[in-house]
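Step one of this worksheet: look at the structure below.
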Amino acid sequence: MCVAKERMRLMNYTTFSLKEREMRDLAEICSMALDMIAAAPPEGRSVETERWRRLCCRFLEAAHSVPSIGKDMELNPDSACWCFRRSYLENAFFEDVVDEYRDACFWSELVTRMSEHALAEVAGEEAVERMSEEERRFRCSALEKALWNECTHHGLDRLVFMLPESES
């Protein structure tokens, strides 16, 4: 008994208390983190990814033990981790955050790639490869601003994609 107490003291545990709302928010934050990791796991960071996954799953398990939160959760058979039910996610704040983040990433990537492609078309691939990163960013910035404006106001409605005859 004495050895067990000493070992727990040496493991440096921290205890804290959360109100029910805070516990639900923490569980949602963990769910959001797990969604992000699953969607785009950082390359070469599997140890950290697994450590975060285990920690998030521990918090979600603790949240599940709170009856008012647990009723909104189910066990994910693939990950063996508690998660929120689909019906709960339809109105969850963190799902809106994830959706907005995905949209922002999509549009940002689209605008960046389109401006880089346009620069390569105008200046030529070889000239672009000789440019410094700073020069490329400077040359693309005006086009990115115009593309952002277009995408913000009109989405893809007025953009034209031209395929070579062999692909159409």
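The first residue in the sequence is number 1, and the count goes up from there. Atom set for the values below is all heavy atoms of this structure, side chains included, hydrogens, waters and symmetry mates excluded. Please read these numbers as outputs of a predicted model, since none were measured by experiment.
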Original post:
Is the closest side-chain heavy-atom distance between Ile37 and Arg53 below 4.5 Å?
Top reply: no

Subject >> Stepwise salt bridge (Lys or Arg N to Asp or Glu O under 4.0 Å) check, Arg86 with Glu90 >> reply: CA-CA 7 Å; Arg86 180 74 23 216; Glu90 291 172 3; over 6 Å; no

Original post:
So Val66 and Arg24, side-chain contact (heavy atoms from CB on, under 4.5 Å) or not? Walk me through it.
Top reply: CA-CA 9 Å; Val66 177; Arg24 183 177 292 276; over 6 Å; no

Subject >> pair Ile69-Phe84: side-chain heavy atoms closer than 4.5 Å >> reply: yes

Original post:
So does Trp52 have more than 12 non-hydrogen atoms from other groups sitting under 6.0 Å from CH2?
Top reply: no

Original post:
Less than 4.5 Å apart, any side-chain heavy atom of Asp72 and any of Arg85?
Top reply: no

Original post:
Going only through I, L, V, M, F, W and Y residues with side-chain contacts under 4.5 Å, is there a path from Leu60 to Ile29?
Top reply: no

Subject >> Cluster check Val98, Trp107: I/L/V/M/F/W/Y, side chain < 4.5 angstrom >> reply: no

Original post:
Is it true that atom CZ of Phe106 has more than 12 heavy atoms of other residues, nucleotides or ligands lying nearer than 6.0 Å?
Top reply: yes

Subject >> Arg130 side chain vs Glu125 backbone, donor-acceptor pair below 3.5 Å >> reply: no

Subject >> Nearest atoms (heavy-atom pairs only) where Leu143 meets Met114 >> reply: CD2-O, 4.5 Å

Original post:
So how far is it from Glu121 CD to His117 NE2, rounded to the nearest 0.5 Å?
Top reply: 4.0 Å

Subject >> Contact summary for Ala92 and Glu28, nearest pair of heavy atoms >> reply: CB-OE2, 4.4 Å

Original post:
Taking the side chain as C-beta and beyond, is there a heavy-atom pair between Glu48 and Pro42 under 4.5 Å?
Top reply: no

**OP:** To the nearest 0.5 Å, tell me how far Asn76 CG sits from Leu34 CG.
**Re:** 9.5 Å

Original post:
How many angstroms lie between atom CG of Leu119 and atom CZ of Arg139, to the nearest 0.5 angstrom?
Top reply: 5.5 Å

Original post:
How long is the gap from CZ on Arg113 to SG on Cys140, to the nearest 0.5 Å?
Top reply: 13.0 Å

**OP:** For Met73 and Cys83, run side-chain contact (heavy atoms from CB on, under 4.5 Å): C-alpha distance rounded to whole Å, both residues' side-chain angles, the deciding distance at 0.1 Å, then the answer.
**Re:** CA-CA 5 Å; Met73 300 178 85; Cys83 62; 5.9 Å; no

**OP:** Could you state whether Met23 and Phe93 fall into the same hydrophobic cluster, counting links through intermediate Ile, Leu, Val, Met, Phe, Trp or Tyr residues with side-chain heavy atoms under 4.5 angstrom apart?
**Re:** yes

Original post:
Hey, what do you get for CG (Asp25) to CZ (Phe94), rounding to the nearest 0.5 Å?
Top reply: 11.0 Å

Subject >> Closest non-hydrogen atom pair, Ser17 against Glu22 >> reply: O-OE1, 4.5 Å

**OP:** For the pair Tyr88 and Glu74, evaluate side-chain hydrogen bond (donor to acceptor under 3.5 Å, both in side chains) and give the outcome as yes or no after the intermediate values.
**Re:** CA-CA 11 Å; Tyr88 179 82; Glu74 61 190 4; over 6 Å; no

**OP:** Please state whether the rings of His64 and Trp82 are parallel, tilted or perpendicular, taking 30° and 60° as the class boundaries.
**Re:** parallel

Original post:
Do Met32 and Leu55 belong together in a cluster built from hydrophobic side chains that touch within less than 4.5 Å?
Top reply: yes

Original post:
Does Arg137 reach the side chain of Thr112, with side-chain heavy atoms less than 4.5 Å apart?
Top reply: yes

**OP:** Spell out, yes or no, whether Tyr101 and Trp148 are grouped together once hydrophobic residues are joined by side-chain heavy atoms under 4.5 Å, including indirect joins.
**Re:** no

**OP:** Please name the pair of heavy atoms, one in Ala123 and one in Val128, separated by the smallest distance, quoted to 0.1 Å.
**Re:** CB-CG2, 4.3 Å

**OP:** Would you indicate whether Glu61, at its atom CD, is surrounded by more than 12 heavy atoms from other residues, nucleotides or ligands within a distance under 6.0 Å?
**Re:** no

Subject >> Distance (rounded to the nearest 0.5 Å) between Met36 CE and Cys56 SG >> reply: 12.0 Å

Original post:
Considering residues, nucleotides and ligands other than Arg21, do more than 12 of their heavy atoms fall under 6.0 Å from its CZ?
Top reply: yes

Subject >> Taking every non-hydrogen atom, the tightest pair across Pro41 and Ala39 >> reply: CD-C, 3.9 Å

